[in-house]
Q: 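Pasting a structure below so you can have a look.
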Amino acid sequence: MNKLLACGKLSSRAPHRVLSLFSSFDMSRSVHSIPFATLEVEEISGSQPAEGKWTGSSCWNTIVDPLNGEPFIKVAEIDEKGIQPFVESLSRCPKHGLHNPFKDPQRYLLFGDISAKAAHMLSLPKVSDFFTRLIQRVSPKSYQQAHGEVYVTQKFLENFSGDQVRFLASSFGVPGNHLGQQSHGFRWPYGPVALITPFNFPLEIPVLQLMGALYMGNKPLLKVDSKVSIVMDQMMRLLHYCGLPVEDVDFINSDGKTMNKLLLEANPRMTLFTGSSRVADKLAVDLKGRIKLEDAGFDWKILGPDVQEEDYVAWVCDQDAYACSGQKCSAQSILFLHENWTKTSLITKIRALAARRKLEDLTVGPVLTFTTGAILEHITKLLLIPGSKLLFGGEPLENHSIPLVYGALKPTAVYVPLEEIVKDNNYELVTKEIFGPFQIITDYKEEQLPLVLDILEKMHAHLTAAVEVIGKSVNGTTYAGLRARTTGAPQNHWFGPAGDPRGAGIGTPEAIKLVWSCHREIIYDFGPLPKQWEIPPST
Ligand SMILES: NC(=O)c1ccc[n+]([C@@H]2O[C@H](COP(=O)([O-])OP(=O)(O)OC[C@H]3O[C@@H](n4cnc5c(N)ncnc54)[C@H](O)[C@@H]3O)[C@@H](O)[C@H]2O)c1
C-alpha cells in the first residue's frame with residue numbers, strides 16, 4: 001500500500017527552500033519505473049486516499065472522487081494564518097527577476113534544457129499514460145481528451161527547447177541621433193509573479209503558463225484548483241527531476257479567499273488568472289490592474305449559407321459542445337444556423353452524435369462547477385421564453401454514482417428564437433455560460449445577419465469563435481472556414497481573449513512575451529561629444 005503525497009512538505013530546516021513545497025522531493029517515494037511519481041493512479045480510493053503532507057498546515061481539504069463521491073484525495077491547504085512564508089518568499093525575488101538579459105543569462109539555456117528533458121519525459125508512453133489517467137481521475141474526460149492535454153504540454157516543451165527560451169528574450173536596436181547613441185528594446189521580467197489556474201485543464205494550463213513565467217525570468221507562485229492540484233504536484237516532481245531548481249517556484253494549495261488575501265499581502269508585480277469572469281473582475285480591482293486574464297467564454301459558431309459536408313460539420317459541433325462534458329472554456333455555447341442549414345438534417349445528426357456519448361468511457365461525465373439541479377433550473381427558465389424548445393437532452397445521466405455536489409447531465413441543446421435572444425430581458429439568461437454539456441441553438445434568415453452580429457457585439461467574453469464574419473467581431477481565437485471549430489487550443493497558435501486590454505494569451509512566443517515580460521528600453525549614449533562643444537544658452 002502506498003502512502004501518497006498530494007503536496008511536498010515545507011521544511012523548516014532550509015529557509016531558502018521553505019516555500020518550494022516540493023523541496024522534500026524524495027526519490028525513495030517513487031513508484032513503478034516512473035522516477036518522479038509518488039502515487040499509483042488507480043489505487044487512489046476511499047480506502048487508500050492520496051495524502052498530502054504540508055508541514056505547518058493542519059487544514060485538510062478532502063476531495064471526493066467525481067465519479068463515486070468517495071473521499072479520495074486529502075490536500076493539505078494553507079489557511080489565512082499560514083500565508084506569511086509565501087509572502088516572504090515572493091518578496092525575496094527582486095523586481096528585475098531571477099534572470100534577465102543582463103543577469104544570469106545562462107538561465108535562459110537552463111530552461112531550454114529543462115524543457116527538452118521534460119518534453120522527453122512526457123513523450124515516454126508510461127509517463128504520458130500516467131498523467132493522462134491522473135487527469136482523468138480528477139477532471140473526468142475521455143482518455144483521448146486527457147491525453148490531448150499531455151500531448152500539447154509535451155509539444156509546448158519541445159517548442160521551447162534548446163535556444164528557443166533565449167530567443168524569447170531577443171532584443172532589438174535602433175540607431176540614435178548621433179554617434180555613440182543607440183536605443184535597445186529588451187524583454188524584462190516582472191520578478192515576483194502569481195499564477196492561478198482552474199480545474200478543467202489540470203496539466204496544460206498550469207505548465208504552459210508556469211514555464212512561460214520562468215522562461216522570462218520571473219519567480220512564480222502557483223495556485224491550481226485544489227480539486228485537481230495532484231496533477232501539478234506530480235508534474236512539479238517531474239520538472240524538478242529534469243533540473244528545475246526547487247526554489248524557483250512556490251506552489252500553494254489553498255482556497256480562493258486565502259489566495260486573494262495572499263495576493264494582497266505579497267503584492268506580486270503581475271498575476272495571470274485563468275478562471276471565471278467573476279473572480280477575474282474582483283482580482284483586477286484588488287490588484288489595481290496588475291493582472292492579465294484568461295476568463296470565461298460564451299463561445300459561438302455561425303454556420304453561413306453554404307451547406308456542405310454535413311456529417312463533418314455535425315461532428316465538429318458535437319465535439320465543440322460536448323467533448324470534456326462542455327468544460328472547455330472554448331466550448332461551443334451557442335450555434336447560429338443559417339436558414340439553409342435548418343432545411344438539412346444537421347440537428348438530427350448532432351443529436352445522434354451526442355447520444356453516442358457515455359459515462360463508461362467518460363465521453364460525457366461529471367460537471368464540476370454546476371449541480372444537475374442548477375442546470376435543469378436554467379433549462380426550465382430558457383424554456384419559458386416564447387418559441388424555445390428542448391432539442392435533445394435535458395435529463396440527468398442515468399445509472400451513475402456521481403455525487404450530488406457535481407452535475408450529471410445528458411448532452412443538451414435548447415432552441416431559442418433569434419428575435420427572443422436579442423430582447424433585453426432574455427439576453428443575459430441566454431448568454432449565461434453554463435460550464436457543462438449544454439448549448440443554445442438558434443437560426444437566422446439571410447437578412448437577419450446584422451441581428452446575429454448585434455448579439456455578438458453585446459457579449460462580454462470574447463474568447464473563441466468559429467465564424468465567417470471576421471471583420472465584424474473581436475474574438476481572440478477565431479476559427480474560420482469549413483473545418484472551423486471553437487475548441488482545440490494547441491500549443492501552435494495563440495489562445496486567449498481579445499478586445500480587453502487585460503487579455504492574456506497562452507502557448508506561443510507572442511503569448512509568453514506579452515504575459516510574462518514587459519518592455520524595457522535602454523538608450524546607450526556613450527559619446528563622443530562634438531568637438532569644441534560649449535555650454536549652450538538655457539532652453
Ligand atoms: N480563458 C481561458 O483560457 C479559460 C481556460 C479554462 C477555464 N476558463 C474559465 O474558467 C471557469 C471555470 O473554472 P472555475 O469555475 O474553477 O473558475 P474559478 O474562477 O471559480 O476558479 C479558478 C481558480 O481561481 C481560484 N480562486 C477563486 N476565487 C479566488 C479569489 N478570490 N482569489 C484568488 N483565486 C481565486 C480558484 O481556487 C481556482 O484555482 C469558466 O468560466 C471557464 O470559461 C477560462
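As the structure lists them, so they are numbered: ligands from 1, and atoms in each ligand from 1.
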Q: Taking non-hydrogen atoms only, is K328 closer than 4.0 angstrom to ligand 1 via side chain, backbone, both or neither?
A: neither
Q: Look at atom 20 (O) of ligand 1 and say which protein heavy atom is nearest, naming residue and atom and giving the distance to 0.1 Å.
A: S276 OG, 3.9 Å
Q: Please list, in number order, the atoms of ligand 1 under 4.0 Å from a heavy atom of T369.
A: 15 (O)
Q: In the protein, which heavy atom is nearest to atom 25 (C) of ligand 1, and how far is it?
A: I196 CG2, 3.7 Å
Q: So which heavy atom on G503 is nearest to which on P497, and how close?
A: CA-CG, 4.1 Å
Q: Does the ring of Y427 carry K458 above it, NZ/CZ under 6.0 angstrom from centre and within 45° of its axis?
A: yes
Q: Does the Lys NZ or Arg CZ of K141 fall within the cation-pi geometry relative to F201 - under 6.0 Å from the ring centre and within 45° of the axis?
A: yes
Q: Measure centre to centre between the rings of F111 and F160, then say whether the value is under 6.0 Å.
A: no
Q: Which is it for D255 and ligand 1 at heavy atoms under 4.0 Å: side chain, backbone, both or neither?
A: neither
Q: Please confirm whether Y479 and H493 have ring centers closer than 6.0 angstrom.
A: yes
Q: If you measure only the distance, is there a donor-acceptor pair under 3.5 Å linking the side chains of D320 and T487?
A: yes
Q: Should the proximity of D295 to ligand 1, defined as any heavy atom under 4.0 Å, be assigned to the side chain, the backbone, both, or neither?
A: backbone
Q: Are there protein heavy-atom neighbours of atom 15 (O) of ligand 1 below 4.0 Å?
A: yes
Q: Please verify whether a non-hydrogen atom of L293 lies at under 4.0 Å from ligand 1.
A: no
Q: Could you tell me if the side chain of F435 sits less than 4.5 Å from the side chain of T369, heavy atoms only?
A: yes
Q: Name the option, out of N200, T274, V279, that contains the heavy atom nearest to atom 22 (C) of ligand 1.
A: T274
